[in-house]
Amino acid sequence: QRHKGNNGDWVWNMEDVNRVLYRLPEVMGADTVAICEGEKDADTLVELGYCATTNVGGAGKWLDGYTESLTGKNVVIFPDNDEPGKKHADKVLESLAGKVKSSKRVEIPKPHKDVTDYTRSFSTIERARAALDSLPHDPLPPSPPPSSRLRRSRERERWNLSRTLAPASPASPSILP
């Protein structure tokens, strides 16, 4: 990771850099956000019409400060299919507990290593979307509402990903469940 220093040269560290979620403006305007491990996977989900993000640095680098941007939202986590990915999802879920409207973890089937690998195994975007919508998820209990900041307080027992991760309209990057 790098950033531009005061003199305009590249500095190869993240010291003194305010870290924010990838695609933050879209995340702020969405009711439902997918979190994955890395920009490649977030971009893949965006190409499929979903609002998606990731954190700086990959697995194990989640900062509690990222949770503030997700307060009151529905969150769907797509971890990588390895031990660091599963631990990362656990850490994210722990950080989100009690702050988001709801959270779910969707497991990508093996032998696929991540959401990009899985969705690229389908011949069309429509088939990839349908496959994502049908994936099982952990039956995590809904998070308690964070207060009056929620526009809707309705909590779902089960998420139907085709409703909660509906494709965004071309006019708006927001995803409305």
Side-chain angles (χ1 to χ4, degrees), residues 1 14 19-97 99-122 124-140 142-143 159-168 172-177:
Q1 303 285 330
M14 295 298 290
R19 297 172 195 183
V20 297
L21 290 172
Y22 184 59
R23 298 178 161 280
L24 183 61
E26 295 166 39
V27 168
M28 296 304 292
D31 288 332
T32 301
V33 178
I35 298 176
C36 27
E37 192 180 320
E39 292 87 351
K40 174 190 75 171
D41 291 335
D43 289 343
T44 294
L45 289 173
V46 168
E47 288 170 14
L48 292 172
Y50 306 126
C51 178
T53 189
T54 190
N55 59 277
V56 174
K61 303 289 192 302
W62 185 265
L63 302 174
D64 286 333
Y66 297 137
T67 300
E68 186 176 322
S69 303
L70 299 167
T71 299
K73 298 184 184 297
N74 298 302
V75 178
V76 182
I77 300 174
F78 291 89
D80 280 5
N81 232 345
D82 57 16
E83 198 56 36
K86 290 175 185 185
K87 287 180 180 177
H88 178 68
D90 290 341
K91 182 175 182 177
V92 172
L93 287 167
E94 183 180 316
S95 177
L96 297 174
K99 298 174 183 125
V100 296
K101 184 175 180 182
S102 63
S103 58
K104 300 290 177 194
R105 177 196 338 232
V106 177
E107 300 295 336
I108 300 298
K110 291 186 180 193
H112 304 287
K113 63 180 188 146
D114 57 31
V115 71
T116 299
D117 184 36
Y118 180 64
T119 58
R120 298 240 164 105
S121 70
F122 295 93
T124 67
I125 288 174
E126 291 75 23
R127 287 182 179 169
R129 282 187 193 141
L132 283 177
D133 292 345
S134 68
L135 287 175
H137 53 78
D138 284 355
L140 301 171
S143 298
W159 268 22
N160 176 337
L161 291 177
S162 63
R163 274 187 277 157
T164 59
L165 283 179
S172 169
S174 299
I175 304 294
L176 301 175

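Atom CG of residue L135 and atom NZ of residue K104 lie 14.5 Å apart, to the nearest 0.5 angstrom. Considering CG of L45 and SG of C36, their distance stands at 5.0 Å, rounded to 0.5 Å. Within the model, atoms OG of S69 and CZ of R23 stand 15.0 Å from one another, a figure rounded to the nearest 0.5 Å. Residue T44 holds its OG1 atom at 10.0 Å from CG of L132, rounded to the nearest 0.5 Å.
Between K113 and Y118, the closest side-chain pair of non-hydrogen atoms is not below 4.5 Å. Between D31 and K101 there is no side-chain heavy-atom pair separated by less than 4.5 Å. Side-chain contact between Y50 and T32 is absent, with no heavy-atom pair separated by less than 4.5 Å. Taking the side chain as every heavy atom from C-beta outward, P136 and E107 never approach each other to under 4.5 Å. Counting heavy atoms from C-beta on, the side chains of R129 and F122 never come closer than 4.5 Å. Looking only at side-chain heavy atoms (C-beta outward), N74 and V33 stay at 4.5 Å or farther from each other. The shortest side-chain heavy-atom distance between L21 and I35 does not fall under the 4.5 Å cut-off. Using a 4.5 Å cut-off on side-chain heavy atoms (C-beta onward), L48 and T119 make contact.
A side chain to side chain donor-acceptor pair (under 3.5 Å) with N55 is found for one member of K61, H88, E37 and no other, namely H88.
Sorted by first then second residue, the salt bridge (Lys or Arg N to Asp or Glu O under 4.0 Å) pairs that include residues 83-94, not counting sequence neighbours, are D90-R105.
Residues passing the side-chain hydrogen bond (donor to acceptor under 3.5 Å, both in side chains) test with Y22 are D43, sequence neighbours excluded. Not a single salt bridge (charged side-chain N to carboxylate O under 4.0 Å, His left out) links D117 to another residue, sequence neighbours left out. Contacts of D41 classified as side-chain hydrogen bond (donor to acceptor under 3.5 Å, both in side chains), with partners at least two apart in sequence or in another chain: T116. Looking at residues two or more places apart in sequence or on another chain, you find a salt bridge (charged side-chain N to carboxylate O under 4.0 Å, His left out) between R120 and E47.
Residues V100 and K73 approach most closely at CB-O, 3.3 Å, considering heavy atoms. Heavy-atom minimum distance, R19 versus L63: CD-CD1, 3.9 Å.
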Under the side chain to side chain donor-acceptor pair (under 3.5 Å) rule, what do S95 and T67 come out as? Steps first, then yes or no, please. CA-CA 7 Å; S95 177; T67 300; 2.5 Å; yes
Under 3.5 Å donor-acceptor pairs involving side-chain atoms of residues 75-82, not counting sequence neighbours:
from	atom 1	to	atom 2	distance (Å)
N81	ND2	I108	O	2.7
N81	ND2	H112	O	2.8
D82	OD1	G85	N	2.7

